[in-house]
Amino acid sequence: MPTHFSQPDSSLNTFAPRLLTWFETNGRHDLPWQQHQTDTPNPYIVWLSEVMLQQTQVTTVLPYFARFMKSFPTVQDLAAADWDTVAEHWAGLGYYARARNLHKGAKQLVDIINETGEFPQTLAGWEAISGVGPSTAGAIMAMGLHRYGVICDGNVKRVLTRWAAIDGDITKSATTKELWALAERLTPRESSGLFAQAMMDMGATLCTRSKPACLLCPLQDDCLAHAQGRETDYPVKAKKQPKPSKFSNALLIHSIEGDILWLQRPDNGIWGGLWSLPLQFVEKINGNASVKTTGKKQAANNGKQSNVPIDVRSNEKVYEAEFTTAEQIINEWLAKNNLVTETVSNSLLTDAPIKHSLTHFHWYLQPHSLTLDAKQTAEISKALQAADINIIWLNADEAQATLGLPRAMIKVLE
DNA sequence: ATCCAGGGGA
DNA sequence: TCCCCTGGAT
């Protein structure tokens, strides 16, 4: 299919030279994973940093990257590490499936190196590594191997939709295709690594989501969005639907010794492979997050009214069994031993001290403590271990220091 | 307080 | 197409 671009050839052809000139004096050249100033790039470093940067901003990644490099200076070190060690290093970064893919990918890479003597050298070779998709593979090719590679990540999409006034919904595959075609058309065969880095720097420092610094932009002369004063109308993205809300008790089950029961979560689903308190699912409410129940609130912050009528739209409540195997075992055991906590009141929404928002729902967590005697502690441990659940009894400080805990668990402990 | 970004896998 | 998680912007 013939590809049509909204920009003329003259603009398409000068895009890269203008961008690269800007990058020379205005781009970032000191990020610890950059390989553009060496002739012997290290693909491990670029792979590791790109996987981290897939989901997280540079400033957040910096300390995590440093710690990974210190503990796992080579891909062999990472491949040989225990999952729990990797998880503990990743804890707090979010999207934990990526940590699992990173660990799995390290093992795949070591196998390939043992077989061929080197890292993969092709785009397809990198895309075959777990956790590496088209854009990350392009980045590694261009910046980690100094070969030809094209990236089309969120930064690139923002720059290109503005420059070429592409108004298709970027979550649609047709628009994705169009943007990839444009990125390929613009990427120079030589110095695609510098081009990739320059595009990311443009998106991060100049062509930002809000308040883009168009006056400093090397592309402003022919930027179609800028010509119309409509920079922030791009990229176009479908409206998100309201998130459901979910309520859970977070059980702090103490032993006589003062330790707390921790469970390792299954690989699929939220916080896969990380450690968590047992969570007791209470209910899920569809619809909007502004749902309120009547009831008194703790000291109102700024004189806002504290009694709000029930929002009628919230009345369809969806009760679902959302328990892991471990949590079912614990719930049944608690019921059998008459340790069941009182049913959570319908004021949970306003009273729950911890709110954690995820992509597709809001999660309200209510910490709840109980203490078991020695016999009960042994009994519940045995029941969980019999079902092959990984459990550990640790006090709060030890858990934070040694386990991979998601942020929400840190909030509960605080 | 709420909204939003971000790439890959199932 | 939906699901991951957290921090930063507003």
Side-chain angles (χ1 to χ4, degrees), chain A residues 47 49-64 87 90-102 104-105 126-140 150-159 161 169-176 179-180 183 196 200 203-205 207-212 232 234-246 265-274 276 288-292 297 300-302 304 308 322 349-350 354-365 404-411:
Chain A
W47 167 67
S49 63
E50 282 301 318
V51 171
M52 290 180 161
L53 290 163
Q54 277 171 8
Q55 72 207 30
T56 315
Q57 296 191 334
V58 165
T59 51
T60 308
V61 164
L62 283 168
Y64 282 86
W90 192 274
L93 265 186
Y95 286 121
Y96 299 102
R98 292 174 196 219
R100 279 180 275 122
N101 284 330
L102 186 78
K104 187 175 167 190
W126 278 101
E127 284 193 58
I129 304 302
S130 293
V132 177
S135 196
T136 302
I140 297 168
V150 178
I151 65 166
C152 193
D153 65 1
N155 282 322
V156 174
K157 286 174 180 166
R158 189 168 56 253
V159 173
T161 52
D169 181 343
I170 63 163
T171 67
K172 301 293 180 194
S173 57
T175 313
T176 302
L179 286 165
W180 269 98
M200 295 191 294
T205 66
C207 199
T208 50
R209 185 169 64 86
S210 50
K211 302 182 185 169
T232 53
Y234 300 91
V236 175
K237 205 177 286 191
K239 262 267 172 99
K240 281 199 290 192
Q241 30 202 327
K243 298 177 185 182
S245 297
K246 210 166 120 176
R265 299 188 62 84
D267 276 355
N268 54 341
I270 193 160
W271 304 333
L274 268 74
S276 160
N288 71 54
S290 68
V291 168
K292 293 285 196 309
K297 247 183 176 174
N301 335 6
N302 44 18
K304 268 190 192 163
V308 184
E322 300 202 9
L349 182 76
T350 43
I354 294 154
K355 181 182 176 185
H356 202 69
S357 287
L358 297 100
T359 322
H360 281 75
F361 59 92
H362 301 288
W363 207 353
Y364 295 84
L365 294 170
L405 295 183
R407 279 276 188 259
M409 287 302 112
I410 310 274
K411 287 191 211 167

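For the numbers below, each heavy atom of this structure counts, side chains included, while hydrogens, waters and symmetry mates do not. Reminder, nothing fancy here: chain letters follow the sequence lines and each chain counts from 1.
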**Message:** Between B:dG8 and A:Tyr95, counting only base atoms on the nucleotide and side-chain atoms on the residue, is there a donor-acceptor pair under 3.5 Å?
**Reply:** no
Rounded distance in Å - [atom1] ([X]) to [atom2] ([N]):
{"X": "A:Trp180", "N": "B:dG8", "atom1": "CH2", "atom2": "P", "result": "8 Å"}
{"X": "A:Asp267", "N": "B:dA10", "atom1": "CG", "atom2": "P", "result": "11 Å"}
{"X": "A:Glu127", "N": "B:dG8", "atom1": "CD", "atom2": "P", "result": "8 Å"}
{"X": "A:Phe361", "N": "B:dC4", "atom1": "CZ", "atom2": "P", "result": "19 Å"}
{"X": "A:His362", "N": "C:dC5", "atom1": "NE2", "atom2": "P", "result": "17 Å"}
{"X": "A:Lys211", "N": "C:dA9", "atom1": "NZ", "atom2": "P", "result": "10 Å"}
{"X": "A:Asn268", "N": "B:dA10", "atom1": "CG", "atom2": "P", "result": "11 Å"}
{"X": "A:Asp153", "N": "B:dG8", "atom1": "CG", "atom2": "P", "result": "9 Å"}

When we call it a touch if two heavy atoms are under 4.0 Å apart, what does [X] touch: a base, just sugar-phosphate, or nothing?
{"X": "A:Ser130", "result": "sugar-phosphate"}
{"X": "A:Arg100", "result": "nothing"}
{"X": "A:Val132", "result": "sugar-phosphate"}

Just the atom pairs and distances: protein N or O near nucleotides 1-3 of chain C's N or O, under 3.5 Å.
none

**Item:** Test item: A:Arg265 side-chain N/O and A:Ser276 main-chain N/O as donor-acceptor pair under 3.5 Å
**Value:** no
**Prompt:** Is a side-chain N or O of A:Glu50 found less than 3.5 angstrom from the main chain of A:Ala139, in a donor-acceptor match?
**Reply:**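 Not confirmed, A:Glu50 side chain does not pair with A:Ala139 backbone.
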Of the options [options], whose atoms approach the side-chain atoms of [X] most closely?
{"X": "A:Arg407", "options": "B:dA5, C:dG7, B:dG6", "result": "C:dG7"}
{"X": "A:Thr60", "options": "C:dC5, B:dG6, C:dG8", "result": "C:dG8"}
{"X": "A:Tyr96", "options": "C:dC5, B:dG6, B:dG8", "result": "C:dC5"}

**Prompt:** If you pin A:Arg209 and A:Leu405 to their nearest nucleotides in DNA chain C, which one's is more 5'?
**Reply:** A:Leu405
**Those residues that, when tested against A:Trp363, pass ring-ring contact (aromatic ring centres under 6.0 Å, His included) (two or more places apart)** =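 A:Trp363 satisfies ring-ring contact (aromatic ring centres under 6.0 Å, His included) with A:Trp271, A:Phe361 only.
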Does [X] place a side-chain N or O at less than 4.0 Å from the phosphate oxygens OP1/OP2 of [N]?
{"X": "A:Lys157", "N": "B:dA5", "result": "no"}
{"X": "A:Thr136", "N": "B:dG8", "result": "yes"}
{"X": "A:Lys355", "N": "B:dT2", "result": "yes"}

**Request:** Give the minimum heavy-atom separation between A:Cys152 and A:Trp180, together with the two atoms involved.
**Result:**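 A:Cys152 and A:Trp180 have their closest heavy atoms at CB-CE2, 3.4 Å.
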**Message:** Taking the nucleotide of DNA chain B with the nearest heavy atom to each, does A:Ile129 or A:Pro235 sit closer to the 5' end?
**Reply:** A:Pro235
**Message:** Any non-hydrogen side-chain atom of A:Val58 less than 4.5 Å from a side-chain atom of A:Val61?
**Reply:** no
**Asked** Quick one: does A:Leu53's side chain get under 4.5 Å of A:Met200's, heavy atoms only?
**Response**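 No; the side chains remain at least 4.5 Å from each other.
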**Item:** Verdict with supporting geometry, A:Ile170 and A:Tyr234, side-chain contact (heavy atoms from CB on, under 4.5 Å)
**Value:** CA-CA 10 Å; A:Ile170 63 163; A:Tyr234 300 91; over 6 Å; no
**Message:** List the residues meeting side-chain hydrogen bond (donor to acceptor under 3.5 Å, both in side chains) with A:Asp267, not counting sequence neighbours, and say none if there are none.
**Reply:**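 Once residues adjacent in sequence are excluded, A:Asp267 has no partner under the side-chain hydrogen bond (donor to acceptor under 3.5 Å, both in side chains) criterion.
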